[in-house]
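Just so it is clear, the values below take in all heavy atoms, side chains as well, and ignore hydrogens, waters and symmetry mates. Small disclaimer: the values here were computed from a predicted structure and weren't measured.
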Amino acid sequence: MRIGAGLSTIDNTPERGGGHSTMSSGRHPVSGHHEHGRSGEHDERAIAAMFEPTGWDERYAGQKRFWSGEPNPQLVATAGELAPGTALDVGCGEGGDVVWLAGQGWRVTGADFSAEGLARAARHTAEAGVADRVGWWQVDARTFDARDRSYDLVTSHYLHAPDGGMVDVTRRLAAAVAPGGSLLVVGHAPSHEFTLLSESRRKAMFLAAELLPGLPDDFEPVVVEQRTRTLNRDTGPVEAEDSVLLARRAQR
């Protein structure tokens with residue numbers, strides 16, 4: 001198991017395709033603009049809406065593409081070392097990571113609580129010519145129940161549950177991992193770049209090690225660390241940290 005800090009740099013604008021289903025600030029928009037904390041009752045309601053499907057449906061309805069369209073680097077680094085199989089992307093948003101996985105030979109289920117996000121994701125997979133390798137699942141990560149479904153890779157990027165709820169979300173995601181499969185959870189670490197955000201959004205962020213209690217006993221942590229990356233913003237490049245948890249489930 002690796003615990004510590006690594007370094008990765010992104011030269012283009014933000015992460016690809018969504019990744020929110022109950023998230024706080026999530027990925028950064030195509031414009032490179034970053035929303036900082038605001039005050040007032042109206043703004044608090046707006047922040048609360050960012051954790052609900054209706055808030056994200058409104059966001060996706062407001063512009064042609066919300067995210068940049070590039071695959072998340074932690075996913076590329078992890079899945080690139082795995083033999084393609086079945087994958088579940090929870091909080092898939094507009095489907096950017098789903099498109100990339102399907103293009104690498106995976107059979108992918110994209111899951112999100114935003115109906116508008118899933119509709120966009122379906123259009124993007126069709127445009128990319130990989131729709132025959134993809135299915136969709138509208139579900140809230142806070143109540144997600146895999147039941148009899150299992151996947152060789154379960155991944156979630158920049159999904160942030162309110163009030164420290166990511167431990168429970170991690171537990172739910174882990175239940176969907178097949179024996180011998182992998183779980184990859186990536187999110188915003190509470191670094192200096194986010195100090196101006198509202199308290200509720202900062203509380204939704206996490207360190208990788210804080211998710212470990214959500215792993216069942218038959219999981220082995222492989223990577224538990226924060227990785228620094230460079231974000232290109234309207235005001236210039238800034239450094240932020242991703243929390244990265246990679247764990248593998250034992251073969252039965």
Side-chain angles (χ1 to χ4, degrees), residues 15-23 26-27 52-54 56-57 59-61 64-72 74-161 168-187 246-249:
E15 304 85 46
R16 185 172 188 164
H20 50 75
S21 197
T22 4
M23 78 184 286
R27 307 170 193 233
E52 302 301 332
T54 52
W56 283 94
D57 284 341
R59 280 191 161 201
Y60 287 134
K64 185 175 181 180
R65 182 185 283 274
F66 199 79
W67 309 115
S68 69
E70 296 301 321
N72 283 297
Q74 314 304 345
L75 175 67
V76 173
T78 299
E81 298 181 353
L82 301 175
T86 56
L88 173 67
D89 182 11
V90 179
C92 69
E94 294 177 316
D97 285 347
V98 173
V99 170
W100 184 84
L101 283 165
Q104 301 300 305
W106 293 79
R107 300 199 68 85
V108 192
T109 298
D112 203 283
F113 68 176
S114 168
E116 182 64 27
L118 290 175
R120 286 191 176 205
R123 291 196 297 270
H124 293 159
T125 54
E127 292 166 0
V130 295
D132 60 331
R133 305 191 63 81
V134 175
W136 306 105
W137 186 2
Q138 186 173 1
V139 65
D140 190 323
R142 293 168 292 190
T143 57
F144 169 78
D145 185 353
R147 298 188 181 179
D148 58 348
R149 306 188 193 194
S150 63
Y151 304 85
D152 300 312
L153 172 65
V154 175
T155 179
S156 175
H157 281 73
Y158 308 103
L159 185 157
H160 292 265
D168 182 61
V169 170
T170 298
R171 185 177 297 110
R172 292 175 180 275
L173 298 179
V177 178
S182 299
L183 172 67
L184 175 65
V185 181
V186 179
L246 173 63
R248 294 203 174 96
R249 191 168 206 168

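Counting only distance, with no hydrogens or angles, the side chain of Thr109 and the backbone of Leu88 share no donor-acceptor pair below 3.5 Å. A donor-acceptor contact shorter than 3.5 Å links the side chain of Asp97 to the backbone of Asn72. Using modelled atom types, one side-chain atom of Asp112 and one backbone atom of Ser114 make a donor-acceptor pair closer than 3.5 Å.
Of all the heavy atoms in His124 and Glu94, the pair that sits closest is ND1-O, 3.0 Å. Between Val98 and Cys92, the closest heavy-atom pair is CG2-CB, 3.9 Å. The shortest non-hydrogen separation linking Val139 to Ala111 is CG1-CB, 3.8 Å. Residue Gly93 comes nearest to Ala121 through the heavy atom pair O-CB, 3.6 Å, listed as atom of the first residue, atom of the second, then distance. In terms of heavy atoms, Leu101 sits closest to Val108 at CB-CG2, 3.7 Å.
Qualifying side chain to side chain contact (heavy atoms under 4.5 Å, CB included) partners for Arg249, counting only residues two or more places apart in sequence or in other chains: Val177, Asp218, Phe219, Arg252. With sequence neighbours left out, the side chain to side chain donor-acceptor pair (under 3.5 Å) criterion links Arg107 to no other residue. Residues passing the ring-ring contact (aromatic ring centres under 6.0 Å, His included) test with Phe144 are Trp137, sequence neighbours excluded. Here Thr170 pairs with nothing under the side chain to side chain donor-acceptor pair (under 3.5 Å) rule; sequence neighbours left out. By the side chain to side chain donor-acceptor pair (under 3.5 Å) test, Arg133 pairs with no residue at all, sequence neighbours left out.
Note on residues 144-159: pairs passing salt bridge (charged side-chain N to carboxylate O under 4.0 Å, His left out), not counting sequence neighbours, are Asp145-Arg147.
A distance of 9.0 Å separates CG of Asp140 from CZ of Arg172, quoted to the nearest 0.5 Å. Here the straight-line distance linking atom CG of Leu75 with atom NE2 of His157 works out to 5.0 Å at 0.5 Å rounding. Remark: Thr86 OG1 to Trp106 CH2 distance equals 7.5 Å, nearest 0.5 Å. Considering CG of Leu173 and CZ of Arg171, their distance stands at 11.0 Å, rounded to 0.5 Å. With rounding to the nearest 0.5 Å, the separation of OG1 in Thr143 from CZ in Phe113 is 10.5 Å.
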As a quick check of understanding, evaluate side chain to side chain contact (heavy atoms under 4.5 Å, CB included) for Ser182 and Leu82, giving each step before the final call.
CA-CA 9 Å; Ser182 299; Leu82 301 175; 4.1 Å; yes
Determine, step by step, whether Asp89 and Trp100 satisfy the side chain to side chain contact (heavy atoms under 4.5 Å, CB included) criterion, reporting the C-alpha distance in whole Å, the side-chain angles of both residues, the deciding distance to 0.1 Å, and the verdict.
CA-CA 11 Å; Asp89 182 11; Trp100 184 84; over 6 Å; no
Hey, mind stepping through Val185 and Val169 against side chain to side chain contact (heavy atoms under 4.5 Å, CB included) and telling me if it holds?
CA-CA 10 Å; Val185 181; Val169 170; over 6 Å; no
